[in-house]
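In what follows, a single structure is set out as structure tokens and then discussed.
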2 protein chains.
Amino acid sequence: MTVPPQTQPVKPSAADPVEEFLKRRKKATINDVAALARVSKKTVSRIINNSPSVREETREAVNAIIARIGFRPDPQARGLAFRRSFLLGLIYDNPNAQYIVNMQMGILDKVRGSGIELVVHPCDKTSDSFLEEIRDFVELQRLSGVILLPPIAENRQLIQVLEELAVPFVRITARHGDDNSPPIKTSQVVSRDRMGCQQAADHLVELGHRRIGFIEGPHTYASAKERRQGFAEGLKAHGLDIDPAVTAEGAYSFESGFEAGQKILSQPDRPTAIFASNDEMAIGAYKAALQMGLSVPGDLSIIGFDDSPLASRIYPALTTVRLPIRDMGRTAAETLIDQDNHRKHTMIFDAALVVRDSTAPAPKTFKP
Amino acid sequence: MTVPPQTQPVKPSAADPVEEFLKRRKKATINDVAALARVSKKTVSRIINNSPSVREETREAVNAIIARIGFRPDPQARGLAFRRSFLLGLIYDNPNAQYIVNMQMGILDKVRGSGIELVVHPCDKTSDSFLEEIRDFVELQRLSGVILLPPIAENRQLIQVLEELAVPFVRITARHGDDNSPPIKTSQVVSRDRMGCQQAADHLVELGHRRIGFIEGPHTYASAKERRQGFAEGLKAHGLDIDPAVTAEGAYSFESGFEAGQKILSQPDRPTAIFASNDEMAIGAYKAALQMGLSVPGDLSIIGFDDSPLASRIYPALTTVRLPIRDMGRTAAETLIDQDNHRKHTMIFDAALVVRDSTAPAPKTFKP
DNA sequence: TTGTACGCGTTATCAT
DNA sequence: ATGATAACGCGTACAA
């Protein structure tokens with residue numbers, strides 16, 4: 001069944017240097033390419049880095065050799081010469097697992113096939129050597145870019161360290177820098193948390209809720225502030241306000257949401273709905289409500305934020321606000337890799353309310 | 001307020017070469033150290049790589065210089081000379097977010113401060129170029145080690161590729177290689193899934209359950225087989241068997257668990273308990289039960305596997321089997337980094353039943 | 001025990 | 001447009 005290679009115009013002589021080389025079964029280097037193509041290393045290098053100043057003929061010839069012997073430039077050697085690696089660093093402190101993994105997936109969507117790899121580097125923002133450790137990491141690895149996740153993406157000192165290091169970096173954040181605080185001038189991928197919370201408020205009010213509890217996040221988090229503000233704005237549009245009597249601060253954790261829920265639901269004139277600043281706390285409020293014998297959404301409507309896996313799996317499924325985390329991750333990686341890179345970009349992503357089964361019309365009250 | 005350095009025994013002369021160097025504010029290289037310490041590069045190199053053949057005096061003197069000028073060897077240059085990088089690769093296809101993050105945390109526990117960094121590399125096992133992509137990744141990055149997660153940790157072809165590449169690697173798996181299948185001779189971190197499932201069976205039987213439904217994982221997963229076998233063994237110890245009439249195969253997903261639950265619970269002579277091979281499916285079964293008006297655990301006890309965040313957050317909290325994922329990750333990294341490394345290790349980790357609120361004594365039946 | 005000379009695979013300089 | 005030669009920062013023969 002062996003077909004003679006009649007259609008092959010060039011008969012591969014046994015002495016073909018390329019064939020000879022392939023027999024040696026060694027990883028090809030730029031030297032091999034240069035020798036086989038009868039050009040200098042530099043020319044090959046120019047082609048690899050697609051410099052314009054190379055004749056089209058030469059380029060094609062060399063590329064043919066590269067393809068035949070399967071040459072791929074060594075990132076380490078390349079990095080040594082370039083004084084930078086082909087690694088992206090993902091630095092974060094605390095966020096939940098799903099957030100991290102979604103973000104990683106987004107980044108990897110972009111990174112895949114680009115010759116760049118992703119290095120994950122969690123850290124402890126409460127550590128004394130917090131900044132030093134990150135400095136060492138970035139400097140030593142000569143990262144070609146860094147992505148910062150909340151909450152440390154809002155850390156001014158950290159930002160300054162990265163600026164000193166002159167490494168391109170992108171911050172993921174919920175804060176649109178238009179407040180009184182001095183604007184942070186770096187590339188950033190911003191989510192419109194506020195918008196999502198406005199929608200949540202809208203949704204509840206339209207369902208007839210008037211007395212609405214609020215579980216907010218830690219005041220130190222930019223996202224917590226944004227969500228509070230968005231929720232407040234949403235209420236205000238209907239002539240309502242956040243009611244301190246049925247508001248509690250949580251720590252973005254399940255337990256804190258449970259406690260906040262207990263507190264809010266034991267108030268006189270109990271609210272008919274609760275908006276929690278994230279899903280973890282919303283689920284905690286579920287537990288508090290169910291333990292008190294309240295039915296969701298019959299007696300109490302609940303809205304969360306994040307659209308975590310919990311939200312869709314809990315029963316009844318949780319109405320929540322979704323952020324396009326994966327898209328944000330991909331975009332962050334894009335600004336780092338496709339660098340027009342000296343400009344500081346700000347990319348904004350919308351939030352969207354996902355209505356499920358934890359919200360229903362407000363129960364009739366017995367007061368007229 | 002400037003205190004004269006009276007306590008300083010050595011007066012730092014303005015001409016101190018080290019001080020001179022520090023003024024230049026450049027990153028120190030091995031050459032700087034050598035020059036400042038008046039030894040050769042090689043000696044410094046020996047000290048970095050703690051070769052024994054260096055006089056103690058010399059070592060201390062050089063180390064002093066290293067400390068003073070803050071020299072840290074460049075991983076890229078070092079890697080180029082060593083022909084390997086200081087990167088660990090984490091390769092996986094599909095597992096859930098919490099699993100991935102726990103595993104990453106475990107690995108990072110070990111990696112932190114070791115001068116090694118972690119590169120995450122998800123892949124698509126259904127892709128045509130699956131093996132090629134991984135080969136390229138490992139070869140190009142010259143990884144110093146690879147950690148494989150289930151289910152691709154059981155992929156024979158992949159294992160063969162890594163062996164050809166001669167890269168140290170560790171597989172994380174549920175299968176203790178003592179079956180009829182040819183044993184896989186590589187380093188591996190094994191979890192005793194079987195043990196956990198036996199305990200689950202024990203627990204249910206001791207609560208008086210006799211008719212017990214079973215939702216198993218995909219037959220292609222080693223963990224699914226192990227869990228089935230463990231559950232079967234647990235039942236057998238009490239003279240019971242897995243009952244095909246109330247058994248269904250799921251895909252380790254919430255939806256599949258929901259469907260399996262519906263199917264099992266609509267059987268005549270409905271079971272009083274269900275064991276699901278992971279938490280996702282167990283939560284799906286929750287939903288099925290609640291939709292049918294059954295109460296958990298009043299009418300139906302449920303046990304899951306994984307101790308995912310869902311398990312403790314759902315109401316009532318799910319009884320489940322916990323695996324020490326983070327410990328397993330740390331151990332995997334240890335075998336790669338502290339290499340005695342030519343030996344193939346097998347490290348085994350126990351599973352533990354976590355009893356919460358989704359299991360209760362079997363309801364009295366009306367048959368005598 | 002220590003040093004010299006060279007190699008690792010690539011890019012940059014400055015010619016031609 | 002192309003090439004010779006020197007970096008890049010570190011490790012290893014081999015010699016001393």
Side-chain angles (χ1 to χ4, degrees), chain A residues 21 24 26-63 65-66 69-87 115-116 136 139-144, chain B residues 21 24 26-63 65-66 69-87 115-116 136 139-144:
Chain A
F21 173 84
R24 297 195 0 232
K26 279 193 56 181
K27 248 183 73 173
T29 77
I30 197 174
N31 289 311
D32 301 321
V33 177
L36 257 22
R38 301 175 169 286
V39 296
S40 75
K41 279 161 58 165
K42 182 58 192 167
T43 298
V44 180
S45 174
R46 285 199 180 88
I47 291 171
I48 293 171
N49 300 287
N50 38 28
S51 147
S53 56
V54 88
R55 233 188 341 178
E56 196 51 35
E57 288 174 39
T58 321
R59 180 185 309 277
E60 281 171 14
V62 171
N63 273 331
I65 299 284
I66 288 180
I69 69 177
F71 164 70
R72 302 188 57 180
D74 180 332
Q76 298 225 276
R78 212 139 170 262
L80 185 58
F82 268 139
R83 287 141 205 263
R84 67 179 199 82
S85 70
F86 296 88
L87 302 174
I116 290 187
D136 287 353
E139 194 169 13
L140 212 56
Q141 298 298 327
R142 300 179 189 277
L143 297 181
S144 64
Chain B
F21 173 84
R24 297 197 357 235
K26 278 195 58 183
K27 249 183 73 174
T29 78
I30 196 175
N31 290 311
D32 301 322
V33 177
L36 257 22
R38 300 175 169 285
V39 297
S40 74
K41 275 165 55 168
K42 180 55 192 168
T43 299
V44 180
S45 174
R46 284 199 180 89
I47 292 173
I48 294 171
N49 300 289
N50 40 27
S51 148
S53 57
V54 147
R55 236 192 335 183
E56 197 52 37
E57 288 174 39
T58 321
R59 181 185 308 274
E60 281 171 13
V62 172
N63 273 331
I65 300 283
I66 289 181
I69 69 178
F71 164 71
R72 301 187 58 181
D74 180 333
Q76 298 223 277
R78 211 138 168 265
L80 186 58
F82 268 140
R83 287 138 205 262
R84 69 179 199 81
S85 70
F86 296 88
L87 302 174
I116 290 187
D136 287 353
E139 195 169 12
L140 213 56
Q141 298 297 327
R142 301 179 188 277
L143 297 181
S144 64

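Labels below follow one simple rule: chain letters A, B, ... track the order of the sequence lines, proteins then strands, and each chain is numbered from 1. From a predicted model like this one, the values you see are computed outputs, not experimental measurements.
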Toward the 5' end of DNA chain C, which comes first, A:Gln76 or B:Arg55, by nearest nucleotide?
B:Arg55
Below the 4.0 Å mark, does D:dG3 have OP1 or OP2 next to a side-chain nitrogen or oxygen of A:Thr43?
yes
Could you grab the distance from atom CD1 of B:Ile47 to atom CG of B:Asn50, nearest 0.5 Å is fine?
10.0 Å
Indicate the atoms forming the closest heavy-atom contact of A:Phe86 with A:Gly79, along with that distance.
CE1-N, 3.9 Å
Which angle, to the nearest 10 degrees, lies between the helix axes at the two ends of the helix from C:dT1-D:dA16 to C:dT16-D:dA1, each defined by five pairs?
30°
So does A:Arg72 pair up with B:Asp136, basic N to acidic O under 4.0 Å?
yes
Close side-chain approach of B:Gln76 to A:Leu87, heavy-atom, < 4.5 Å:
no
Walk along nucleotides 10-16 of chain D from 5' to 3' and tag each nucleotide B, S or - by protein heavy-atom contact under 4.0 Å, base first, then sugar-phosphate.
BBB----
In whole angstrom, give the distance that lies between atom CG of B:Leu140 and atom C1' of C:dG9.
12 Å
Nearest whole Å is fine: how far is D:dT2 C1' from A:Arg59 CZ?
13 Å
Integer-rounded Å distance: D:dA7 P and B:Leu80 CG
17 Å
What integer distance in Å separates B:Arg142:CZ from C:dG9:C1'?
8 Å
Could you tell me if the side chain of A:Arg46 sits less than 4.5 Å from the side chain of A:Thr43, heavy atoms only?
yes
Whole angstrom value for the distance that separates P of D:dG9 from CD of A:Glu139:
12 Å
Distance from B:Asp74 atom CG to A:Gln141 atom CD, nearest 0.5 Å?
9.0 Å
Taking all non-hydrogen atoms of both residues, which atom of A:Thr29 and which atom of A:Phe71 are closest, and how far apart?
C-CE1, 3.5 Å
Qualifying residue, where the test is side-chain contact (heavy atoms from CB on, under 4.5 Å) with A:Ile48 and the options are A:Ile30, A:Val62, A:Val33
A:Ile30
